[in-house]
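Position 1 is the first residue of the sequence; numbering continues from there.
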Amino acid sequence: ITKMRRLVLTAVGHQEAEHRFHKLLSCLSHPPSYTCVRASTHLMCSSSAEEVSVQILPHPRIADVLILPVEGPRPVKQLSSEVVVGAQCGSAVLRGAHVFAPGILGSPKYMKAGDLVSVFSDLEGRCTRGATSFQGKKVFVGNGVAEMDRSTIFCTDEPARGIGIRMVEPLYRSPSFDGVLPSLVFLQNLPSVVVGHVLGPRPGERILDMCAAPGGKTCHIAALMGDQGEVVALDRIRNKIDRIRQNAQMLHLQSVQAHCFNSTQAVSSDPAQETEGPPFPPESFDRVLLDAPCSGLGQRPNMGSTWSLKEICSYQPLQRKLFHAAVRLLKKGGVLVYSTCTVTLAENEEQVAWALDTFPCLSLQPQEPHIGAEGMPGAGLPPEQLRLLQRFSPELSWEQTETTAPLPCRADSDTIGFFIAKFLKN
Ligand SMILES: C[S@@+](CC[C@H](N)C(=O)[O-])C[C@H]1O[C@@H](n2cnc3c(N)ncnc32)[C@H](O)[C@@H]1O
């Protein structure tokens, strides 16, 4: 770590590194200034999405990306009735969601359906379920109308479902896509859409998505192939497999097959054994996507993390195990894309340096589109390799983004933190 820190500081200078770190913290705590949706180009052309009654801008370079401006932070007056929600729920509200009942931790003692309340996000996970007041660290995310009485939320045998607070004055106003054209537009962060294009699947190919749930990228891959071929989606968590299947069904995609499986064990020990599901013989796939489980530190907005350093550092070994399986499952001449939604060197550039060292058959490839920045120094990769990596670093243009640069010009830099590397297996 000390060596890495020295390398980073030498590369950018101490003051610049400090400045950039503070900008990173600041921009990660705000949502991006737009919502990104991916149009189902296998079902329509993106121009038909104009039927939706909100301002929609096409992305200038990526044909299936539509951008919808977000308005905020808006001046919203806080009320005396307070509802406290979990940090994840609070972040979703800042990106345009209503408050769903399971996200509610505390509410006024006599809250009734129809009451106007202020919603706060519990930053440190300290509010106990059923609290009637909360003095811990919290952030105001907007005002809403209760759709349920307090007793329905907290005092039932069955956990309450559905919208608990309908947001009427959110701090950030985003277009709501709740039930709007469900088969034609899919909410997805811009770098996640870039991943599908960088993988570059072609009709008729066999593709493996190793860590697939809830299936956003799986469905994009299938759509890019015109639903011709086979997209095998694996995820270790059983109930997340249903989400992949539901998303594929909603988007009318037949080429997706989802299986619950631990992808570190997805290579068959008997290479002659051909089965429909996992494990698979080595060299079974034309392209492999490893959208790895990661510390998720690039997610926006994120106003506070309760994770320990140990937890954050725990992902590197798992990512390497998955990488071993990915390389074995890929055909010679095939493409492997590795991506994360985090900002650490350890899970990004350092993994690339390790992979190039461990698997001499791999070489880095240019990415198309390449709308993010290049890789960060500090992991020992030479400049020509850093240039082939795509790192979405919203802090790099944070001060400019805050000004009124027109969308979609600022869309490529005002993203979540994300990382993409593309390899060819020789
Ligand atoms: C970053 S998320 C994937 C997001 C997904 N690619 C998308 O675009 O919708 C990582 C996923 O990896 C899954 N996962 C973690 N360890 C795994 C393993 N050993 N094998 C398969 N899936 C795993 C998690 O359950 C989680 O759903």
Side-chain angles (χ1 to χ4, degrees), residues 32-42 44-47 49 56-69 185-203 205 207 209 216-226 231 286-292 298 300 334-343 348-349 352 362-376 381 383-398 400-401 405-424:
S33 55
Y34 62 94
T35 296
C36 175
V37 296
R38 176 168 60 73
S40 294
T41 46
H42 64 296
M44 63 156 190
C45 62
S46 51
S47 56
I56 298 182
L57 305 160
H59 188 280
R61 274 185 62 190
I62 309 177
D64 53 359
V65 167
L66 301 168
I67 284 166
L68 299 90
V185 290
F186 192 90
L187 265 178
Q188 208 166 11
N189 285 303
L190 180 57
S192 298
V193 186
V194 171
V195 168
H197 289 285
V198 168
L199 185 69
R202 301 203 185 124
E205 287 184 335
I207 314 286
D209 186 353
K217 297 183 189 73
T218 311
C219 292
H220 189 205
I221 293 166
L224 288 172
M225 294 161 70
V231 185
D286 298 296
R287 292 167 207 262
V288 174
L289 171 60
L290 174 49
D291 185 38
R300 290 175 64 192
V335 166
L336 165 61
V337 169
Y338 173 81
S339 56
T340 74
C341 60
T342 199
V343 295
N348 296 325
E349 289 81 356
V352 171
L362 293 185
S363 58
L364 277 177
Q365 294 296 299
Q367 303 183 28
E368 181 50 43
H370 195 143
I371 59 172
E374 58 187 49
M376 204 158 77
L381 293 168
E384 60 277 15
Q385 288 184 332
L386 292 179
R387 275 196 288 277
L388 294 172
L389 303 176
Q390 185 156 207
R391 188 182 251 273
F392 289 86
S393 298
E395 76 282 6
L396 288 178
S397 57
W398 176 236
Q400 291 100 295
T401 310
L407 268 175
C409 297
R410 65 174 184 266
D412 295 354
S413 46
D414 191 11
T415 60
I416 60 166
F418 205 89
F419 179 84
I420 311 173
K422 178 177 183 175
F423 300 88
L424 183 72

Quiz item: Under 3.5 Å, is there a donor-acceptor pair between the side chain of Arg287 and the main chain of Gly200?
Solution: yes
Quiz prompt | Residues His59 and Asp64: side-chain donor-acceptor under 3.5 angstrom | solution = no
Quiz item: Looking at side-chain heavy atoms only, is the closest gap between Thr415 and Tyr34 below 4.5 Å?
Solution: yes
Practice problem: Would you mind reporting whether Pro394 and Ile416 have side-chain heavy atoms less than 4.5 Å apart? | Solution: no
Quiz prompt | Spacing of Ser192 atom OG and Phe418 atom CZ [to the nearest 0.5 Å] | solution = 4.0 Å
Quiz item: Looking at side-chain heavy atoms only, is the closest gap between Gln188 and Val37 below 4.5 Å?
Solution: no
Quiz item: So, does Glu349 use its side chain to make a donor-acceptor pair with the main chain of Leu386 at under 3.5 Å?
Solution: no
Quiz item: Among all residues two or more places apart in sequence or in another chain, which pass the salt bridge (charged side-chain N to carboxylate O under 4.0 Å, His left out) test with Asp291?
Solution: Lys217
Quiz item: When rounded to the nearest 0.5 angstrom, what is the spacing between CD in Glu205 and CD1 in Ile221?
Solution: 11.0 Å
Quiz item: Is there a side-chain contact between Phe186 and Cys219, using heavy atoms and a 4.5 Å cut-off?
Solution: no
Quiz item: Between Gln390 (side chain) and Phe419 (backbone), is there a donor-acceptor pair under 3.5 Å?
Solution: no
Quiz prompt | salt bridge (charged side-chain N to carboxylate O under 4.0 Å, His left out) partners of Arg61, counting only residues at least two apart | solution = Glu368
Quiz item: If only atom types and distance count, is the side chain of Arg391 paired as donor or acceptor with the main-chain N or O of Val343 below 3.5 Å?
Solution: yes
Practice problem: Apply side-chain contact (heavy atoms from CB on, under 4.5 Å) to the pair His42 and Met225, showing each step before the final yes or no. | Solution: CA-CA 9 Å; His42 64 296; Met225 294 161 70; over 6 Å; no
Practice problem: Check Pro201 against Leu224 and note the closest heavy-atom contact, atom names and distance. | Solution: CG-CB, 3.9 Å
Quiz item: Just by distance, do the side chain of Lys422 and the backbone of Leu336 share a donor-acceptor pair under 3.5 Å?
Solution: no
Quiz item: How long is the gap from OG1 on Thr340 to CD1 on Ile420, to the nearest 0.5 Å?
Solution: 9.5 Å
Self-check item: Separation between CZ of Arg202 and CD1 of Ile207, rounded to the nearest 0.5 Å
Solution: 9.5 Å
Quiz item: Between Asp414 and Arg300, is there a side-chain N and carboxylate O pair less than 4.0 Å apart?
Solution: yes
Quiz prompt | 4.5 Å side-chain heavy-atom contact, Leu190 and Ile62 | solution = yes
Exercise. Could you tell me whether the side chain of Phe392 reaches within less than 4.5 Å of the side chain of Asn189, counting heavy atoms only?
Key: no
Exercise. Tell me, please, which residues at least two apart from Glu374 pass salt bridge (charged side-chain N to carboxylate O under 4.0 Å, His left out).
Key: none
Quiz item: Is the backbone N or O of Leu389 less than 3.5 Å from a side-chain atom of His370, with the two atoms forming a donor-acceptor pair by type?
Solution: yes
Quiz item: Roughly how far, to the nearest 0.5 Å, is the CG atom of Leu396 from the OG atom of Ser413?
Solution: 8.5 Å
Quiz item: Taking the side chain from Asp412 and the backbone from Gly372, do they hold a donor-acceptor pair closer than 3.5 Å?
Solution: no
Quiz item: Are the side chains of Cys36 and Leu66 in touch, meaning some heavy atoms are under 4.5 Å apart?
Solution: no
Quiz item: Is there a donor in the side chain of Arg410 and an acceptor in the side chain of Ser33, or the other way round, less than 3.5 Å apart?
Solution: yes
Practice problem: For Ile67 and Pro69, work out which heavy atoms get closest and say how close. | Solution: O-CD, 4.0 Å
Quiz item: Below 4.5 Å, heavy atoms only, C-beta onward: do His220 and Val193 meet side chain to side chain?
Solution: yes
